[in-house]
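A note on names: the letters A, B, ... follow the listed sequences, proteins ahead of strands, and every chain is numbered from 1.
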2 protein chains.
Amino acid sequence: MSGQIQIYDTTLRDGTQGEGITFSVEDKLKITRRLDRMGFHYVEGGWPGSNPKDMEFFQRVRQEQYRNTCLCAFSSTRKAGRPAHEDRNLLAIAECGVRTAALFGKSWDFHVYRALGTTLEENLAMVRDSVAFLKGRGLEVIFDAEHFFDGYQANPQYAMAVVRAAEEAGADTIALCDTNGGTLPTELKEMVAYVRQALAVPLGIHAHNDSGLAVANSIMAVEAGCTQVQGTINGYGERCGNVDLCAVIPNLVFKKRLDCIPEQNLVYLTDLSRYVNELANMNPEVRQPFVGTSAFAHKGGIHVNALLKDSHTYEHLPPESVGNKRRVLVSELSGLSNLVYKYRELNLGLETDSAEYRRILNELKDLEHQGFQFEGAEGSFELLLRKAYNGYHKPFLLETMRILTELRDEGHVYTEAIIKLRVNDQVVHTAAEGNGPVNALDAALRKALEEFYPAIARMKLHDYKVRVLNEKSGTGAVVRVLIETGDGRKSWGTVGVSSNIIEASWQALADSFAYGILKMGENNGPNAKAP
Amino acid sequence: MSGQIQIYDTTLRDGTQGEGITFSVEDKLKITRRLDRMGFHYVEGGWPGSNPKDMEFFQRVRQEQYRNTCLCAFSSTRKAGRPAHEDRNLLAIAECGVRTAALFGKSWDFHVYRALGTTLEENLAMVRDSVAFLKGRGLEVIFDAEHFFDGYQANPQYAMAVVRAAEEAGADTIALCDTNGGTLPTELKEMVAYVRQALAVPLGIHAHNDSGLAVANSIMAVEAGCTQVQGTINGYGERCGNVDLCAVIPNLVFKKRLDCIPEQNLVYLTDLSRYVNELANMNPEVRQPFVGTSAFAHKGGIHVNALLKDSHTYEHLPPESVGNKRRVLVSELSGLSNLVYKYRELNLGLETDSAEYRRILNELKDLEHQGFQFEGAEGSFELLLRKAYNGYHKPFLLETMRILTELRDEGHVYTEAIIKLRVNDQVVHTAAEGNGPVNALDAALRKALEEFYPAIARMKLHDYKVRVLNEKSGTGAVVRVLIETGDGRKSWGTVGVSSNIIEASWQALADSFAYGILKMGENNGPNAKAP
């Protein structure tokens, strides 16, 4: 168990096979950059042969440069009865620009004749040929032995013949897959140990969570000699998901003390988990080990009492080691460290025991209680701090707004926004049409502001997300709108919260323009004190 | 590993220490009845000494009769320096009418001096006296050795002295607790095995999920000789929760073939999980092993293709064995097979090579290209298939709609919706206010439809999600709205897509009502041909 354990992320491929998970090409690029910064060894970007979106990703990713991560493309072995060098999928991998290929092949005899409808011999040849073809094209090849553990239990000779064929054809790593997630840890560990002594090639583990055992199976496979762990952020994936790397990594680093992801990077783990949830527009799982909002939340009186004496009494590791935080459910402690951190980052030089600081903290807590969340909305957060402390004033004020959406008899939906703004003591009253209410508001706001701040023409809205907070209230629920805006060089997030989606959208939209104006240094109005 | 494994449920006590979990006395009685019917061996009802609600529960539960379940009351050992027969908590247990007591005591030396502030010797006496007192009152006593594994790793002699003291004082079972959830499976199994050979008393395991390992730890403890598993329904509990019994039980029954809960009762497991979620008012975790709505949901085209040949290819056990069901998701990753499967499921009896089939497939692809996603929207998908093939007609038609949102001078945002519908050849023209445009539409639609379909009063919107599709277009982008609606028994998803969020919301909302009306069998209009 010495040497390095490689972390292989398949959020962008296997993860998207989870219910409700889709990423745009832009999302995929963003996630890959974050994983690279964390120190992940491999990121499986997609299946270039399977759909145009993955094809575009592999095109665009050529412009990127990573320091820690090898980008990897996924495919199956060649089709039965067809040569490898004519296989569309294999050619797509060879030509998509990556240096590493992940190739999956069948290692369960039942799957060979039932799913593939071919012979055991032909399947061995498919494995051999496909690995050899990609090795011949100069790629590193990771062979995923699909259903290895089910296969081994059904026909150990055949399962071993498949992994031996991959090894002999030159595979650099063989990942043993518990594809259906049904294998128990003790049995899995024994099988890994057997393969470990039978083969020389490095081994990986690819576990699914159908039995609630994926984390344990991954750790026990490492104990038995696997040196690569495949999984996804937040455990996204087909059915119950792949193993959650947010749980595997801290177990390997803090509990097993293995060389894996650099320990100091784990303080970004909670952030990473939430960032990916935001991009996937998924509700976070509050009890998620290590990174969930409840993971270090203490409720029982005895627990809290002991914690006050020593946090080690009821915590298996310090929450800050994974970037999470302790919460005591009876007395709200949230927000403090967040705020201190931000103040330092923005260089606002405020003493943490000053009266202003307390006031801002209270305002922040109040906003968080209403449902604001500043994690994905640093633009709004900075405006809030500047307004509260730095004498910042808004570049424009809304006086009235009216939005009308109409389905007319001919079936056409028409929306217009009418707004009255105050900008530098002038009143601007204007109106615009749009595809929908937020688009119409956006158009009217641009129309009103462009004569004062011409540079806003460069600003573009990149993303618009809506999350229902108290979803049990149905359409009467409070919603949080997150808007991502960019000016071609950088981008910023802003937030709005209201039970009225139009109002929440307005808040986020207004912050997005205000922040853009601030950063473009064009806020030349009499009230402006931008740095 | 022969003999019976007892299931000990602590949803009502340890479960309620989870964030957001509370049960009324009535809820507690209902849950206990369900657990009894399932065949659970023990239900821990609460801590009679700690609060009036638990006291009331133990009063009222005396009227109940259980066939399989022993009701159990929880408490700590006596206070330091005070005799057991004067301890308020112990007396409350002795007098509350249960025959079984669960008594927790410290087995980690650090906790004895740090949290309790007493000596190691006095703690041993507390354990001994408290167990002996309750045995003397004729109760069965389960001793929970809190933090046993942390204690054993810190000071094995002392941890063993604590469990020996409990055994000598007459404890009927000793449960070894991984209270902080930080122990790894291999180490845990070794420690259990050591205790197993050192003591004669039956052993239990009480695992928490802070490291994502609770299910594995419970199973491995059973392998090492524990005959009782303590946990909660859905894994509720302090921080990341206790072990999820909905995962442990099917693993023990189907994978380890142990005598535990009767196998034929496991068809009610999914129902039980959802029932408890409903009473706790918790959002279900879709990827929950065995019982989650995604647990047998298949998305990848290769998976679905193989499933059509044999479901065993990508399922570790048949979903119906735990009362769950297979779902095939239709998405950009899915091929033809996903659609074929859906047709069979809905019994529409269409030949896959017919012209209609091709036409529907093309329509579907076209809709997906526009941004529709039927994965979370099975309601809309079924309506689409029925409209295309089965002669289904909508229960209502929208003629005109107008929505006005206004920010008035005084800062208040006001929204109203005015709609004109055709229902069974009658025209209904009505209006309603709302918190926002979708809420106003929802209200107006209900108002218009309730006289025709009174049962829609039972329908509630559970969730409302918005996703921007071509985010580069900013607020002019196409948005997809997903709505989840329920009638108290089941729930369904519907979808709408448009560049106008109001129109997309309308589509999803209209489908949600139409599907609800279809399923409630109330579509008695002249155009209706519902099955």
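- Put simply, of B:K189, B:Q288, B:H312, the one with the most heavy-atom pairs under 4.5 Å next to chain A is B:H312.
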> Given A:N234 and A:D244, is the side-chain hydrogen bond (donor to acceptor under 3.5 Å, both in side chains) satisfied, shown in steps?
Replying inline: CA-CA 5 Å; A:N234 301 328; A:D244 180 7; over 6 Å; no
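- No other option in A:I502, A:V286, A:D14, A:D210 has as many heavy-atom pairs under 4.5 Å with chain B as A:D210.
- Of the atoms belonging to A:E146, it is side-chain heavy atoms, and not backbone ones, that fall under 4.5 Å from chain B.
- Using a 4.5 Å cut-off between heavy atoms, B:S76 does not touch chain A at all.
- Per-residue counts of heavy-atom pairs under 4.5 Å with chain B were compared for A:C240, A:P289, A:S498; the largest is that of A:C240.
- Residue B:L404 touches chain A through both its backbone and its side chain, counting heavy-atom pairs closer than 4.5 Å.
- Contact annotation: the side chain of B:L441 approaches that of B:M401 to within less than 4.5 Å [non-hydrogen atoms, C-beta and beyond].
- At least one side-chain heavy atom of B:K255 sits under 4.5 Å from a side-chain heavy atom of A:S211.
- For a residue to count as touching a neighbouring chain, one of its non-hydrogen atoms must lie under 4.5 Å from one of that chain's; by this rule A:N251 touches chain B with the side chain only.
- Closest non-hydrogen pair, A:E315 versus B:N180, comes out as N-ND2, 3.5 Å.
- Note: B:P437 leads B:G486, B:G117, B:A417, B:P437 in heavy-atom pairs under 4.5 Å with chain A.
- For the set B:E285, B:H208, B:H111, the entry with the most heavy-atom pairs within less than 4.5 Å of chain A is B:H111.
- Checking B:K299, B:R287, B:R327 one by one against A:E19, the side-chain hydrogen bond (donor to acceptor under 3.5 Å, both in side chains) holds for a single residue, B:R327.
- Side-chain polar atoms of A:N500 and B:N435 form no donor-acceptor pair below 3.5 angstrom.
- Interface summary for chain B: among A:A504, A:A295, A:P250, A:S505, the most heavy-atom pairs under 4.5 angstrom belong to A:A295.
- The choice from B:V413, B:V215, B:T313, B:L317 that makes the most heavy-atom pairs within less than 4.5 Å of chain A is B:T313.
- Chosen from B:S294, B:A115, B:G235, the residue pairing most often with chain A at heavy-atom distances under 4.5 Å is B:S294.
- One finds the CG atom of A:D442 at 8.5 Å from the OG1 atom of A:T485 (value rounded to the nearest 0.5 Å).
- For the pair A:H298/B:Q17, no side-chain contact is recorded, criterion being any heavy-atom separation below 4.5 Å from C-beta on.
- Shown here for A:A280 and A:I21, the closest heavy-atom pair between the two residues is CB-CD1, 4.5 Å.
- In terms of non-hydrogen atom pairs under 4.5 Å with chain A, the most contact-rich of B:F254, B:F110, B:F296 is B:F110.
- With a 4.5 angstrom heavy-atom cutoff, B:W506 does not touch chain A via any of its atoms.
- A distance below 6.0 Å separates the ring centres of B:Y314 and A:H147.
- Of the atoms belonging to B:N209, heavy atoms from both backbone and side chain fall under 4.5 Å from chain A.
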